[in-house]
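See structure below.
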2 protein chains.
Amino acid sequence: MEEQLSERGKRILEAVIEDYIATAEPVGSRTLTKSHALALSPATVRNVMSDLEEMGFLTSPHTSAGRIPTDKAYRLYVNSILEVRNLTRDNREEIKRRCQLAGRDISEVLKETSRLLSSTSSYMGVVMAPRFAANVFRQLEFVKLSSHRVLAILISQNGAVQNRLIETEVEISQDDLVRMGNYLNEQLKGLTIAQVRERLLSEMKSEKVRYDAMLSQAIVLSEATLKSDDAQIFVEGQANILDQPEFHDAAKMREIFRAFESKGLILDLLDRAMQAEGVQIFIGAESHLVKMEGMSLITSTYMTGKDTVGVLGVIGPTRMGYGRVIPIVDYTAKLISRLLETE
Amino acid sequence: MEEQLSERGKRILEAVIEDYIATAEPVGSRTLTKSHALALSPATVRNVMSDLEEMGFLTSPHTSAGRIPTDKAYRLYVNSILEVRNLTRDNREEIKRRCQLAGRDISEVLKETSRLLSSTSSYMGVVMAPRFAANVFRQLEFVKLSSHRVLAILISQNGAVQNRLIETEVEISQDDLVRMGNYLNEQLKGLTIAQVRERLLSEMKSEKVRYDAMLSQAIVLSEATLKSDDAQIFVEGQANILDQPEFHDAAKMREIFRAFESKGLILDLLDRAMQAEGVQIFIGAESHLVKMEGMSLITSTYMTGKDTVGVLGVIGPTRMGYGRVIPIVDYTAKLISRLLETE
DNA sequence: ATTAGCACTCAAAAACCCAGAGTGCTAACC
DNA sequence: GGTTAGCACTCTGGGTTTTTGAGTGCTAAT
């Protein structure tokens, strides 16, 4: 049963996949011979397709419909058949243009990137921001807003900013706040945010702190600032997938939207994608997430310097234009990496 | 034709509206007499309904279906028939619990509020953040990230933070940046952000700046920080409206999602809602936005101290549980107002 | 090995029918 | 007068049946 795939078999499988990608309809032997110049009769094609079905590359939704590619077929396709097109100059220009980070806040840029991915691919764009905790600490700032309210602002070396409003037990003067800030900035210079946190937690237990009320204040404040660092994910262009014919019916649509409403699902996926460097492709059930059947995900990691810090990508139907989307994702990731470089 | 609406007419109209809200089906005379204890025969009800139709409160999708309320009917209903229920204690507790702003960044809180509105109403939640420009300036901070990159952080009195990455032409030392910051903070104390901007623009033209390179740098930097203040809008729970039977068919769904994808539409609406203080209700076509037919919007403004600074609300189908949603919106707005008070 | 031919299959679309809910009107009723 | 029972009529939605057409698998001829 597991005989090798012939050259002709490959050609035909490719044709089927491409037709199916284009039309979303099961493709039959006759249509295939017409659209692709195969110099073969429908009957022959039928035989080959029958073989392909046996090998698990095609299925038919029912007898007497055409056939559609299985996940396994897509896998083969992206691995060894597909040749990735280059981006057009225009495409590249547009991506570059829209990824300017000057003059904007960094998460704005990532959001825009997500939007960009969505609109150039016409599927859904996804960007996971660098985990704040992995960034290098740059500066911590306390600003007194009112008697018992302090705004803590935490700045990382790459320009990400987080802030928290803290209700303090006792009133602290702005001067004291500044002093705390200076002290901590001095202490924490060069650590990653995660390390900063560890350091603070251990200090909290130390003897010294017991006797220095202000220091302990500072530590409580900054600890409050640091806790709960949820990954930021930007998902854009959900409406795009509504245009895909496979989701035309209302029930399916609802399901999809429900699934993506909480970002947990996407987070899981992206976390997985972050394990390995570079472009990765998850096809349908491969992701082992039930909700993802019928959908594929193309991701690429991006980095600052040598460290992988985030992932971005495109989610679309399994039946998606891999050849077109892969280079988009790839190029965008590279661009973002370049932008984030701290010179 | 424009005779007054009798007491009985009102009662029946109310019954129709309530039935329709509950079932989303056109309601007929017979069902009406059954569900509401009206002590009238279907025939009589029919007569009255016929009158109501003539007056423009009801329409029938076709002969021999029941009737459905028009926008005009809803208007009358919310204005003079409906009595707004009070919130249950549980409801109030939950809203309070989820609106804690301590420990979080202010826009996080507003986003959560939007989520809250959506989940308690089971429609779509909308929150427009205070226009940053209207806030009172608190502090401006420049942080050097790398040779030509400066992060500018702008903090307002109420704890909102905006930051921008700025690529500078020439390298500026961190010391100089601090000095610039101090100078500007001194100068700009107490102004609103909008005023700050005006002030800077006018300074840029003044003679003094010509001769002080650093000052002019500072002004360029902060001007870069201030420009482009787009309103922030948080929309949550879009998937909720997919459950509404009136949007069950795929085409409608798509339309809705497309409409809300760009937030411009919502922005227009909310801007309008901000004109007047307190709870406002826009029913269907009243908003004069084509896309909004079939949908209603319940909003309330919220304030810090005496100034209206933002709006929040719920978007749902015209056929929505006004009596239930209005107090939710109202209460939430009041709560947010209280939270934002600068003590 | 390939292909033409043919009988067979099945889903989707069209055509059709029917029941049910609703209406408007008229005539009787209180 | 307002109210109600009765009746003929209308329309939609749902279910069933028919038709159509694309597609298959097999066999026999090339």
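Only a predicted model underlies this, so the values are computations on that prediction, with no experimental measurement involved.
Between A:F257 and B:F257, the ring planes lie tilted relative to each other; the angle falls in the 30° to 60° range. Ring geometry for B:Y322 against B:Y74 counts as tilted: the plane angle lies between 30° and 60°, on a 0 to 90° scale.
Shown here is B:K263, whose NZ atom has more than 12 heavy atoms of other residues, nucleotides or ligands within 6.0 Å. Counting heavy-atom neighbours within 6.0 Å of A:E293 CD, excluding the residue itself, gives a total of 12 or less.
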Legend entry - Evaluation steps, side chain to side chain contact (heavy atoms under 4.5 Å, CB included), between A:T332 and A:T120: CA-CA 11 Å; A:T332 309; A:T120 51; 5.9 Å; no

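Between B:E255 and B:R258, no side-chain nitrogen of the basic residue sits less than 4.0 Å from a carboxylate oxygen of the acidic one, so the salt-bridge criterion is not met. The existence of a salt bridge linking B:K34 and B:D19 is excluded, since no basic side-chain nitrogen approaches an acidic carboxylate oxygen closer than 4.0 Å.
Side-chain proximity of A:T31 to D:dA5, D:dG23, C:dG22: nearest is D:dG23.
As rounded to whole Å, 11 Å separates atom P of C:dA1 from atom CG of A:N47. Between the P atom of D:dG25 and the CD atom of A:E53 lies a distance of 7 Å, rounded to the nearest Å. Per the geometry, CG belonging to B:L32 stands 10 Å off P belonging to C:dG22, to the nearest Å. To the nearest angstrom, P of C:dG24 lies 11 Å from CG of B:L58. The distance from atom CD1 of A:I68 to atom C1' of D:dG23 is 14 Å, rounded to the nearest whole Å. For B:D51 and C:dT23, the CG to C1' distance is 14 Å, given to the nearest whole Å. As a whole-Å value, the separation of A:E54 CD from D:dT24 C1' is 15 Å. C:dT9 atom C1' lies 14 Å from atom CZ of A:R67, rounded to whole Å.
Across all their heavy atoms, B:R98 and B:S119 have their closest contact at NH1-OG, 3.1 Å. Taking all atoms of both residues into account, the shortest heavy-atom contact from B:I315 to B:I241 is O-CG2, 4.4 Å.
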Quick test: give all pairs of protein nitrogen or oxygen and nucleotides 12-19 of chain C nitrogen or oxygen below 3.5 Å, distance rounded to 0.1 Å.
none

Pairwise N/O distances under 3.5 Å, protein to nucleotides 7-10 of chain D:
| residue | atom | partner | partner atom | Å |
| --- | --- | --- | --- | --- |
| D:dT10 | O2 | B:S64 | OG | 3.0 |

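Contact check, A:T44 against C:dA1: no side-chain N or O comes under 4.0 Å of OP1 or OP2.
Secondary structure note: stems in DNA chain D built from 3 or more consecutive Watson-Crick or G-U wobble pairs under 3.5 Å occupy C:1-30 with D:1-30.
A donor-acceptor pair under 3.5 Å is absent between the side-chain atoms of A:S300 and the main chain of A:A333, judged by distance alone.
Heavy-atom nearest nucleotides on DNA chain D were determined for A:M49 and for B:R8, and the one closer to the 5' end corresponds to B:R8.
With contacts defined as side-chain heavy-atom distances shorter than 4.5 Å, the pair A:S29/A:T33 does not qualify.
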